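Below is one structure, written out as C-alpha cells; comments come after it.
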Amino acid sequence: MVKVEFYPMDIDYISEENVPKIRLFGKTIDGKRICAIDSKFRPYFWVFAEKNLEKIAKDIKKIKNKEYFVENVEIFDKKFLDVDVRAIKVTFNDPKGFQDIKEKINEIRDISKKEVDISFTRRYLIDKKITPLTLYEIEGELIKNDFDVDYCIEIDKIKQINDDVIANPKILSFDIEVYNPRGKSVKGEEDEIVMIGFYGSDDYKKVITWKKFKTNKKYIEFVNSELELIEKFIDIIKKFKPDYLVGYYTDGFDLPYIKQRASVYKIPLDLGLDNSIIKFSKRRDLITSKITGLIHLDIFKFIRHIVAGSLQTNIYDLNSVTQELLNESKKDIEINGLAKAWDKGDIEEFCEYNLHDAVLTYRLFTNLLPNLEELVKLIGQPIFDICRMTYGQLVEWYLIKRAREFNEITPNRPKYSDIATRVLRTYKGAFVFEPKPGLYENVVMLDYKSLYPSIIVAKNIYLGTLTDDKKNSYESPLLEVDGEERRYYFSYKKEGFIPIILKDLITRRNRIRELLKKEKNPLLKARSYALKTVANASYGYLGFPGARWYSLESAASITAFAREYIQKTIKLAQDKGFEVIYSDTDSITIVLRNKKKEDISRFLKDVNKELPSLMELELENFYPRGIFVSKKSSEKGAKKKYALIDEQGNIKVIGFEAIRSDWSILARTVQRKVLEIILKEGDKEKALKYVKSVIEDIKNKKIPMNELIIQTQLRKSIEEYEQRGPHVAVAEKMLEKDMIVGAGSTIRYIISEGKEKIRDRAKLPEECKSYDADYYVNNQVIPAVSQLFEVLGYKKEELLESKEQSKLGDF
DNA sequence: CCATATCGGGG
DNA sequence: GTGTACGATATGG
C-alpha cells in the first residue's frame, strides 16, 4: 500500500474484460508522472415511471444483453426541476454496453430514462467530487505497466488535500510550417512539413528543419528528411514531458497535418502516455486532437469561444489576438514566399518566424492559463475539455455538477427534433434605445452589473419555480412570446435551483471584487473572471435551444424585466435633466452637456436605493468623444454599433463587423483611418477629404494592385459548383492555364473594367492591367464607411462628388 | 425576396 | 463518444 499526493490533470477510461477502469493521469507534488486507476466505479442512469416503480425495477434488474448486464437497481428520492420524484438508479457493468442495455430497457413501456447522455469520465469526476488540477491524496497498490509514467497505482482511497493548482507546470508550445507552392491551400498528400518550432518552459527553444544552411542560431537543428523531422517531433515531446502541449489551431491544422504526413512514412504518432496514438474526433468540420494522458490544448478554441467576447478584434488569427492581448506581433514576413525560399535553401528568416509563432502561442497560453485553471476549478471538468467548451457548455457542466449537490437529476439533452421546434419559438429581446446617430463629446456610459443574472436571482426565475399561482409569486411585465401577449409567474415560496446557484456566483464574485479593490491579486482576478463568465452566460443558456435547462418562459421573462428596469432608469435620468443618447440591454449612454461627473454619482446613488436584491447600476466609463451609428431599421434586433475614445486615448470599436479577409486591403484601411480621424481629431471635414482623396486615387488608377486583391477560397472542386461566383470563374481560367487549383485553393482576383457580369470581369492579379474603379468605390470603399458618414451628416452622394464640385480644394 | 455557398483558424 | 450541436454574411437567381 502506498500513499501519494498528486494533481489529476487528465482522465479517460478503458474497458478490460468488461470492467471499466477510470484512469487519472497527473503529476505528483515532486514532479513525477503518475497514472491512478480506479476500477470500482460503474456506469448508471436513472429511470422514471408513473407507476409500478418496484415492478419495473425488478424487470430492469434482469436485463442482460451479450456480455452486458444490469448490476444493480435501487430506488431513490430525488428531485427533477425542483419537484420531488422517486427514481430507479440503474447501474450496469460496462459503459461500452450502454447501447445494448438501452435496447432492452426500451422494451419496457411507460418509462423515461435520465442522465443517459453524461459521459462516464465526466460523471466520475462529478460523483467523486474530483476537481482536476487540484491536489489529492491517494492510497493504493502500485501496479506494473508499460506506460510512459513513473508509477501506476490502483486507487483504494482518494481525497482532496486542497484546491491549489500545480505550481509551475511544464509547458511546450509548437508550430509547423509547410511547403506552400500554391499559397494557403497546402495539400497533406504532397506538401511536406519543412520545419517545426518549439518554445517551452525555462526558455526552451528549438526549430527542426531538413534543409541545411549556415547559421549561428543555436536553436536551429538539422535533420535529413521529413521522416526524421517527424520522428524528432515525437522524440522532443517524449523527452520534454510537458504538462501542457499547446498550439494555435493545432486541433484543426498542425496535428492532423503531422498525422497525415506521418502516415506517408507509416510512423505511428504514439505520443499517448499509454503508448496509444493521437486520436482525432470530428464534429462537422471541427476537429479535436487528443493524446492520452498528455494534455494538448488548442488555445485558439478557448479564444474563439470564450475570450472573443471581451476582445475588440473580430479576427482571431494569431497576429490579431497577440496584438490585442500581449501587444506583440507576428514576424513581418511574407509566408507565401516560403516555398521559393525553401527551394533556394534560404530559410533562416522562416525559422525565426516559426520559433516566434511558438513563442507567441506560449505567452498567450501562460497569460490565459490562470483563467482556464479557475474555470476548471469552478466547473470541475478537465482542462482539455474546458479549453474547448463554448459558453453554453461551461454553464451546462457547471449546472450538472451543482445539480448533484442539490439531489437534482439532470434533464436530458434535447433531441434534434426538440431543438428544431425550439428554434422556431420566438420572444422579445432587449430594449434598445436607438442612438441618435452622431458624433458626441463628453459621453458617459452607465451599466447594470450582471443585469440578467441579477434579475434571475431577484425574481426567482427558473423552470422549476414557474407557476400558475398568481398569488405567491413574482409577476413578469407584460411580454410577448410567439407573437402573443402574456405574463409569467415565478413562485417566491422557495428559491429555485438556478437562482440559488446564480446568487452564489454573484455574491462570491462581489466578495472577490471587494478584495481586489484592496489588493491586486492575479489569482483572485482569474477567479472573478471565471465566476463572471459562467454567471453572464446563464441567461443566454436558458434561451439556447440546445440547452438541457432550456426555458423560453424564463428567458422571455428575464428580458421583459430588464426592459422594464432600463426604461425606468432612462426615464429617471431624463427627469433629472440628463440627455440620454443611447441605451442597449443593460447600459445607458448620456451626454454630459452642462452636467458634471458628480451629478452622475448622485444619480447612481438614487437609482441603486430602489433596486431589489443584488441589482446594481454602475459607472462604466467616461469618454471624451464617441460616434454612434444606427443600423438600418430593416435589420432585426438592432445591434450595437459605435466607437468611443476614452480619456487615455484608447479607441473602443463595437459592432463594426468583421471586415473579412475577402475584403480588399483598401477597404479595411479606409475604414480604420476614418474612425481614427473622427475620434482623435473630431474633424469631419478631414475624414471626408480623406475618403474623397482615396476615391479620387481609385478613379485615377493610383491604387497599387495588391491593395485591390479580393481573396476567396474554393470549398469544393470546380465541377461541383452550381452557383458560379467570381472566384469560381477565375479558378476555371486558372485551370485552362494548367495552374493547380482545386478544393481548398485560395483564389485571388481583381475586378477589371467592363460591362459584363462581375464574375466575367474577375481576373487573376497578375493579368489584370486595369481595375474597375466604380466597383472598388461602390462595393468596397463606400460600404466600409458610408454609415460613418451618414452619421456625420453626409449623404453617400457627397462622398462621390468630385473635389471640384464640393470645392474642397487640394488634399 | 429566398436559396445556396462561404468563412473562420492553419500555410 | 453512454455521438449525432456553428453562426453570420454575401452572392446568384
Side-chain angles (χ1 to χ4, degrees), chain A residues 12-13 15 20 43-45 68 92 94-102 113 115-123 175-188 191-195 247-257 279 281-288 290 298-301 303-305 308 314-321 334-339 350 353-354 357 390 392-393 396 413-416 419-420 423 544-547 635 639 657-663 711-716 720-728 744 746 757-759 779 783:
Chain A
D12 75 348
Y13 85 93
S15 277
Y44 68 87
F45 54 90
Y68 307 110
F92 56 109
D94 183 354
K96 294 267 188 288
F98 176 67
Q99 292 302 330
D100 296 293
I101 300 282
K102 198 167 90 174
K113 303 182 292 298
E115 298 196 1
V116 289
D117 43 18
I118 293 173
S119 81
F120 188 56
T121 53
R122 288 190 179 177
R123 176 184 296 291
D175 178 41
I176 69 170
E177 306 299 334
V178 172
Y179 188 70
N180 59 352
R182 293 170 306 283
K184 198 177 165 145
S185 62
V186 290
K187 288 185 184 157
D191 298 327
E192 292 124 326
I193 300 168
V194 294
M195 59 182 78
Y248 203 83
Y249 205 59
T250 37
D251 259 352
F253 181 72
D254 301 60
L255 286 175
Y257 205 92
K279 290 170 207 67
S281 62
K282 212 169 166 184
R283 199 185 73 191
R284 286 252 182 136
D285 49 351
L286 230 63
I287 308 170
T288 296
K290 188 165 173 63
D298 180 354
I299 198 67
F300 164 72
K301 287 252 172 77
I303 288 168
R304 183 70 256 241
H305 290 149
N314 292 314
I315 300 157
Y316 303 101
D317 59 20
L318 184 60
N319 195 44
S320 313
V321 172
E334 183 50 63
I335 190 65
N336 278 319
L338 173 60
F350 287 93
Y353 168 89
N354 184 214
D357 274 7
T390 60
Q393 290 167 315
E396 189 149 282
R413 219 191 254 153
K415 293 195 295 277
Y416 190 76
I419 293 175
V423 168
F544 164 53
E635 287 179 63
K639 274 185 195 160
E657 54 277 292
I659 303 239
R660 295 169 13 170
S661 64
D662 54 347
W663 283 62
Q711 295 191 35
T712 314
Q713 209 180 50
L714 276 185
R715 297 301 291 235
K716 48 189 185 185
E720 288 176 74
Y721 277 92
E722 283 172 33
Q723 306 229 45
R724 288 171 63 248
H727 65 301
V728 182
T746 300
K757 284 185 170 177
I758 287 175
R759 67 164 169 241
N779 294 46

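Just so it is clear, the model here is predicted, and its values are computed rather than measured.
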Any donor-acceptor pair under 3.5 Å joining the side chain of A/Tyr249 to the base of B/dG9? yes
Nearest whole angstrom, please: distance from the [atom2] of [N] to the [atom1] of [X].
| X | N | atom1 | atom2 | value |
| --- | --- | --- | --- | --- |
| A/Met195 | B/dG10 | CE | C1' | 16 Å |
| A/Phe98 | C/dT2 | CZ | C1' | 5 Å |
| A/Glu115 | C/dG1 | CD | P | 16 Å |
| A/Lys102 | C/dG1 | NZ | P | 14 Å |
| A/Arg759 | B/dT4 | CZ | P | 17 Å |
| A/Asp357 | B/dG9 | CG | P | 15 Å |
| A/Ile193 | B/dG10 | CD1 | P | 17 Å |
| A/His727 | C/dG12 | NE2 | P | 10 Å |

With a 4.0 Å limit, can you tell me whether A/Arg304 has a side-chain N or O closer than that to the phosphate oxygens OP1/OP2 of B/dG10? no
Minimal non-hydrogen separation, [X] against [Y], with atom names:
| X | Y | answer |
| --- | --- | --- |
| A/Val116 | A/Phe98 | CB-CZ, 3.5 Å |
| A/Tyr248 | A/Ile303 | CE1-CD1, 3.9 Å |
| A/Asn336 | A/Asn180 | CA-ND2, 4.0 Å |

Under 4.0 Å, counting only non-hydrogen atoms across every strand here, what does [X] touch: a base, just sugar-phosphate, or nothing?
| X | answer |
| --- | --- |
| A/Ile176 | sugar-phosphate |
| A/Asp251 | nothing |
| A/Ile101 | nothing |
| A/Tyr44 | base |
| A/Phe120 | base |
| A/Tyr179 | nothing |

So if I take every side-chain heavy atom of [X] and compare against [options], which nucleotide ends up nearest?
| X | options | result |
| --- | --- | --- |
| A/Pro43 | C/dT2, B/dG10, C/dG12 | C/dT2 |
| A/Asp317 | B/dG11, B/dG9, C/dG1 | B/dG9 |
| A/Ser119 | B/dG10, C/dG1, B/dG11 | C/dG1 |
| A/Tyr248 | C/dT2, C/dG3, B/dG10 | B/dG10 |
| A/Val116 | C/dG13, C/dT2, B/dG10 | C/dT2 |

Centroid separation A/Phe45 to A/Phe92 less than 6.0 Å: yes
Rounded to the nearest 0.5 angstrom, the NZ-CZ distance for A/Lys96 and A/Phe120 is 9.5 Å
Can you tell me how far [atom1] in [N] sits from the matching atom in [M], rounded to whole Å?
| N | M | atom1 | result |
| --- | --- | --- | --- |
| C/dT2 | C/dG7 | P | 23 Å |
| C/dA5 | C/dG1 | P | 11 Å |
| B/dG9 | C/dA8 | P | 15 Å |

Could you please spell out the steps behind the side chain to side chain donor-acceptor pair (under 3.5 Å) verdict for A/Asn354 and A/Asp175? CA-CA 7 Å; A/Asn354 184 214; A/Asp175 178 41; 3.3 Å; yes
